[in-house]
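Encoded as structure tokens, the structure appears first; notes follow it.
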Amino acid sequence: MPTKVQKKNLEDAPFLKEMYNAAFNMWRLGWDERNGGNISYLLKEEEVKEYLDASKVVRTIPIPTSVEELEGKFFIVTGSGKYFKNAKEDPCNTFGIIKVGERGQSIDLLWGLEDGTLPTSELPAHFKSHTERLKVDSEHRVIMHNHATNIIAMTFTHELDEAMFTKTLWQMCTECIVVFPDGIGIVPWMIPGTAEIGLQTAQKMKEHRLVIWPHHGIFGAGTTIDETFGLIETAEKASQIYTAIGDPARIKQTITDRELADLAKAFHVTPRPGIIIA
Ligand code: 13P
Ligand code: ZN
């Protein structure tokens, strides 16, 4: 007779710890006031099955925008309305582990969101972005959204032209072109939580891992929680420097186009074309 393998305690799962540490750090840095921000993390089936019986569904939640491409995939996601400052102390209400149901028309909650909370209201943007990133990067796993303060500030003071915005950020810190050579995507201002903002964000994710929502925040994509966090952190740092400078007329010298091209060459990255002229 086959012996039943004892499941591990989910509270000890490394992916849960990564989630609450990232959420807490985003709050600590001032990027996630109140319930601002959301994270979704694609989990491997074998990873989930160490902790959970995937056939035990707590509740099924219909989703308005179907995501056929994600059918059968497992994610850990943040709950809608959850305060990231409480994430560490309250993981079973803050996070949920879900499996995307048949034809991507619903999701099955397997663990968490115990107080009846729904997954983040930005699920359409997360799911559509995962779909697009997986097409271009088989290692892709994380979508992260927050209200990074200086990024938002810069969307008031800088032109919202993607090439110009990207170049300004690249010039603010030497590491930027190395960390995000694919540059910044920007969508127009839109109502958050809608299918439309989700679709437009995902369109940008075809070519960029960072997408700015003017006067709202930023979306980042990556292969790990750390990498995605670091990507947003680097763009936010560059925006902080831009904002600290204040009036661009005060800039006396900058990293030149030639130097940006040399940097890219030295670090073996290909900068998005059409931004530097060297
Ligand atoms: P949720 O609490 O639904 O995740 O929304 C927060 C947010 O940042 C909306 O853009
Ligand atoms: Zn938001």
Side-chain angles (χ1 to χ4, degrees), residues 16 18-42 59 61-65 67 75-98 100 107 109 112-130 142-156 160 184-205 208-221 225 228-229 231-233 235-236 239:
L16 181 64
E18 286 182 273
M19 285 291 274
Y20 64 61
N21 284 327
F24 186 79
N25 279 320
M26 297 205 298
W27 170 75
R28 185 178 59 76
L29 290 163
W31 304 342
D32 289 293
E33 72 293 339
R34 201 174 183 275
N35 66 307
N38 23 78
I39 315 170
S40 59
Y41 183 5
L42 175 61
R59 59 188 151 111
I61 304 163
I63 46 173
T65 330
V67 274
F75 292 89
I76 180 163
V77 297
T78 52
S80 187
K82 291 298 170 185
Y83 288 34
F84 283 8
K85 81 179 164 64
N86 302 332
K88 274 186 179 186
E89 271 77 45
D90 193 23
C92 55
N93 287 314
T94 306
F95 304 103
I97 296 179
I98 56 173
V100 180
I107 48 179
L109 177 69
L113 303 179
E114 284 178 5
D115 54 6
T117 306
L118 292 172
T120 173
S121 59
E122 303 296 0
L123 208 57
H126 282 253
F127 274 173
K128 293 288 179 195
S129 295
H130 280 296
V142 178
I143 296 289
M144 198 178 268
H145 163 62
N146 63 46
H147 300 167
T149 315
N150 293 284
I151 296 274
I152 299 177
M154 199 167 154
T155 65
F156 291 91
L160 293 177
I184 303 277
I186 306 178
V187 297
W189 185 91
M190 272 179 277
I191 305 283
T194 57
E196 187 53 29
I197 200 167
L199 284 172
Q200 292 207 29
T201 304
Q203 282 301 310
K204 296 291 179 188
M205 285 279 178
H208 308 271
R209 289 165 302 142
L210 284 169
V211 179
I212 288 177
W213 288 9
H215 323 318
H216 182 141
I218 191 161
F219 266 76
I225 291 274
T228 315
F229 193 100
L231 185 63
I232 294 178
E233 199 176 23
E236 166 64 5
S239 297

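In each ligand, atom 1 is the first atom listed, and ligand 1 is the first ligand listed. Side chains are part of it too, since the values below use all heavy atoms of this structure and drop only hydrogens, waters and symmetry mates. Note that the numbering runs from 1 along the sequence shown for the chain.
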Partner of E236 by side-chain contact (heavy atoms from CB on, under 4.5 Å), out of I151, L231, I152: I151

Identified side-chain contact (heavy atoms from CB on, under 4.5 Å) partner of S129 from the options L199, V211, T201: T201

N93-E114 side chain donor-acceptor pair, cut-off 3.5 Å: no

Qualifying salt bridge (Lys or Arg N to Asp or Glu O under 4.0 Å) pairs with a residue from residues 80-94, counting only residues at least two apart or across chains: K82-D115

Between H130 and S40, a side-chain donor and acceptor under 3.5 Å: yes

Amino acids contacting ligand 1, non-hydrogen cut-off under 4.0 Å: N35, G36, G37, N38, S80, G81, T120, S121, E122, H145, H147, H216

Side-chain polar contacts of residues 187-196 - donor-acceptor pairs under 3.5 angstrom, sequence neighbours left out - could you list them?
from: T194; atom 1: OG1; to: I191; atom 2: O; distance (Å): 3.0
from: T194; atom 1: OG1; to: I197; atom 2: N; distance (Å): 3.2
from: E196; atom 1: OE2; to: Q200; atom 2: NE2; distance (Å): 2.8

Passing option when M144 is tested against I39, I218, N38 for side-chain contact (heavy atoms from CB on, under 4.5 Å): I39

Parallel, tilted or perpendicular: ring planes of F24 versus W27, cut at 30 and 60 degrees: tilted

Mutual orientation of the aromatic rings belonging to F219 and H145 [parallel < 30°, tilted 30-60°, perpendicular > 60°]: parallel

Atoms of protein origin (N, O or S) under 2.8 Å from the Zn ion (ligand 2): H145 NE2, H147 NE2, H216 NE2

